[in-house]
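Structure first, then comments.
Since we're looking at a predicted model, the values are computed, not measured. In this chain, numbering begins with 1 at the start of the sequence shown.
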Amino acid sequence: MLYEFMDSELRQDIVSGDWVAIAPARSKRPDQFLKKEKRIKAPIESCPFENPQKSGNNPPILIYVKNKKMVFIDKKFPGYGGDLKKWQVQVLENKYPALKHKTICAKEFKKGPYSVVEGVGYHDLVITRDHNKNFANLDKNTANSVFGAFKDRYLIIGKDNCTAYTSIFHNWGPKAGASVYHPHYQIISLPIIPPDIGRSLKGSDSYFFVNKKCVHCVMIEWEKKEKIRVVYENDAAISFTPFVSREPFEVRIFPKNHLPFFEETGKEDMEAVVDVLQKVLKGIETKLRDPDYNFFIHTAPHVDKQKHGHYHWHIEVVPKISTSAGFELGTGIEITVVDPNEAAKMLKI
């Protein structure tokens, strides 16, 4: 296969304002980044998530069984009834949380010239039953149950007035930060708006103020018109490699309807997004030889909702292909060595 390389370009993200260098000539072939070593599967016998409660993990907050029934678990009853034996997905508090929940809100204070906020929040795990099936390989019902768990827990956490933002993400593989092989997902709530989310909200708001349009809707329409970087779409959701890709083979997934808030997404739109995400991840697994990756949800926060109607929630998928070095760290400008057009060609479904 012959590859034609464009000249390097500096491209500015229309949401964040960040600059990215697209420099495909720095690599001879896009496929040189494909993973060569096989994934090491951890043994089931020593897995802490194969039988979470027996391994000393916290009791489940929510469980989902085969008939899609959601069961709220009362921690006062150690037996949990028969449903726990049938679980497909369960939500539980992280045994080693990054933030700890308290009955009072986080205190803000100063330490010398620095602003400090107590690390108060929720840190949960969402665990699927099968030891070897990551999100790409789950059956449709279980995959939808995972996102049902995200939404249900998000709504519960959103009732806590001490929470400003809830982050939902997945780390697959050690290079992506996963310390346990068994597929699991994380939900962390924060007493602050994270800076990356803040920039995204500000950029979306600024674009809407000037153009009276959702910036993400504009991006979606342009990608549909160009038909170059679209990886896969169905009736209600779409995925594409961003024109301003910060990482090689980065993919973003959007519901086609303008939906600012993840937790307010209806069943049809959510299942469409899940379908696209599964197909994109399966394509990354098969066509890029199973690299580690992260995916995370960007949504408008559940506080001050009247201010964020301009936003459009989405998922970002980032394979762990390259490593930031001195230039990236010193300037904040990422160098992407795979043309997003070529990346889409390789991943297209």
Side-chain angles (χ1 to χ4, degrees), residues 3-34 167 169 175-177 194-208 210-211 213-231 238-254 280 283-284 288 291-298 311-348:
Y3 296 94
E4 293 184 6
F5 298 111
M6 65 175 198
D7 293 332
S8 296
E9 291 182 349
L10 288 166
R11 299 178 179 178
Q12 187 176 32
D13 190 293
I14 57 175
V15 181
S16 68
D18 293 339
W19 288 91
V20 170
I22 308 294
R26 284 173 59 84
S27 66
K28 295 180 181 179
R29 297 168 58 94
D31 55 11
Q32 77 178 64
F33 297 100
L34 301 188
S167 173
F169 60 95
K175 291 181 181 178
D196 193 41
I197 300 300
R199 287 192 295 270
S200 186
L201 289 169
K202 184 177 180 181
S204 174
D205 184 39
S206 298
Y207 190 93
F208 185 82
V210 174
N211 299 284
K213 294 180 181 179
C214 162
V215 64
H216 295 107
C217 290
V218 170
M219 291 164 59
I220 292 168
E221 287 304 312
W222 191 60
E223 295 297 346
K224 288 173 67 176
K225 182 179 178 181
E226 288 253 298
K227 298 180 181 179
I228 298 172
R229 288 170 293 278
V230 174
V231 176
I238 188 170
S239 62
F240 53 85
T241 55
F243 178 74
V244 187
S245 290
R246 298 179 62 87
E247 300 288 345
F249 303 103
E250 174 187 348
V251 180
R252 293 184 190 174
I253 301 166
F254 291 84
V280 165
I284 287 172
L288 302 186
D292 296 351
Y293 60 77
N294 305 99
F295 76 70
F296 49 88
I297 295 171
H298 272 185
Y311 202 68
H312 195 132
W313 83 265
H314 57 279
I315 299 172
E316 300 187 21
V317 181
V318 184
K320 306 306 288 186
I321 302 294
S322 63
T323 301
S324 294
F327 177 80
E328 292 87 346
L329 297 173
T331 63
I333 298 175
E334 296 293 332
I335 298 178
T336 301
V337 294
V338 177
D339 180 353
N341 296 4
E342 292 296 334
K345 285 181 185 178
M346 292 179 65
L347 294 176
K348 198 170 186 66

For residues [X] and [Y], determine if any side-chain heavy atom of one lies less than 4.5 Å from a side-chain heavy atom of the other.
X	Y	value
F169	N294	no
H314	I253	no
W313	I297	yes
V218	N211	no
T336	V20	yes
F254	H312	yes
R246	D18	yes
F296	I315	no

Practice item. State whether K202 and D205 are salt-bridged, where the test is any N-O pair (Lys NZ or Arg NE/NH1/NH2 against Asp/Glu carboxylate O) under 4.0 Å. Key: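 Salt bridge absent between K202 and D205.
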
Show the nearest heavy-atom pair for residues [X] and [Y], with the distance to one decimal.
X	Y	answer
A344	I228	CB-O, 3.5 Å
E223	V230	O-CG2, 3.6 Å
I284	P291	O-CD, 3.4 Å
T241	P340	OG1-O, 2.9 Å
Y293	P319	CB-CA, 3.7 Å

**Study point:** Centroid separation F243 to W222 less than 6.0 Å
**Key:**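 Yes, close enough.
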
Check your understanding: Does the separation of the ring centres of Y311 and H216 fall below 6.0 angstrom?
Key ->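 For Y311 and H216, the ring centres are under 6.0 Å apart.
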
Point to revise | Under the side chain to side chain contact (heavy atoms under 4.5 Å, CB included) test, residues paired with D13 that sit two or more places apart | key: V15, S16, V244, R252

**Study point:** With sequence neighbours excluded, residues passing side chain to side chain contact (heavy atoms under 4.5 Å, CB included) with F208
**Key:**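 With sequence neighbours excluded, F208 shows a side chain to side chain contact (heavy atoms under 4.5 Å, CB included) to H310, given in chain and number order.
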
Rounded distance (nearest 0.5 Å) linking atom [atom1] of [X] with atom [atom2] of [Y]:
X	Y	atom1	atom2	answer
I321	L288	CD1	CG	5.5 Å
D339	K345	CG	NZ	8.0 Å
E334	W19	CD	CH2	15.5 Å
I22	E9	CD1	CD	8.0 Å
I335	S324	CD1	OG	9.5 Å
E342	L347	CD	CG	11.5 Å

Check your understanding: Could you go step by step and tell me if S322 and E247 meet the side chain to side chain donor-acceptor pair (under 3.5 Å) rule?
Key -> CA-CA 7 Å; S322 63; E247 300 288 345; 3.0 Å; yes

Review point. Mind checking what makes salt bridge (charged side-chain N to carboxylate O under 4.0 Å, His left out) contact with K175, not counting sequence neighbours?
Key: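 Salt bridge (charged side-chain N to carboxylate O under 4.0 Å, His left out) check on K175 returns E37.
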
Please check if the side chain of [X] supplies one atom and the backbone of [Y] the other of a donor-acceptor pair under 3.5 Å.
X	Y	answer
S204	L201	no
S8	A23	no
E328	I333	no

Practice item. Using a cut-off of 6.0 Å, state whether more than 12 heavy atoms not belonging to K213 lie near its atom NZ. Key: no

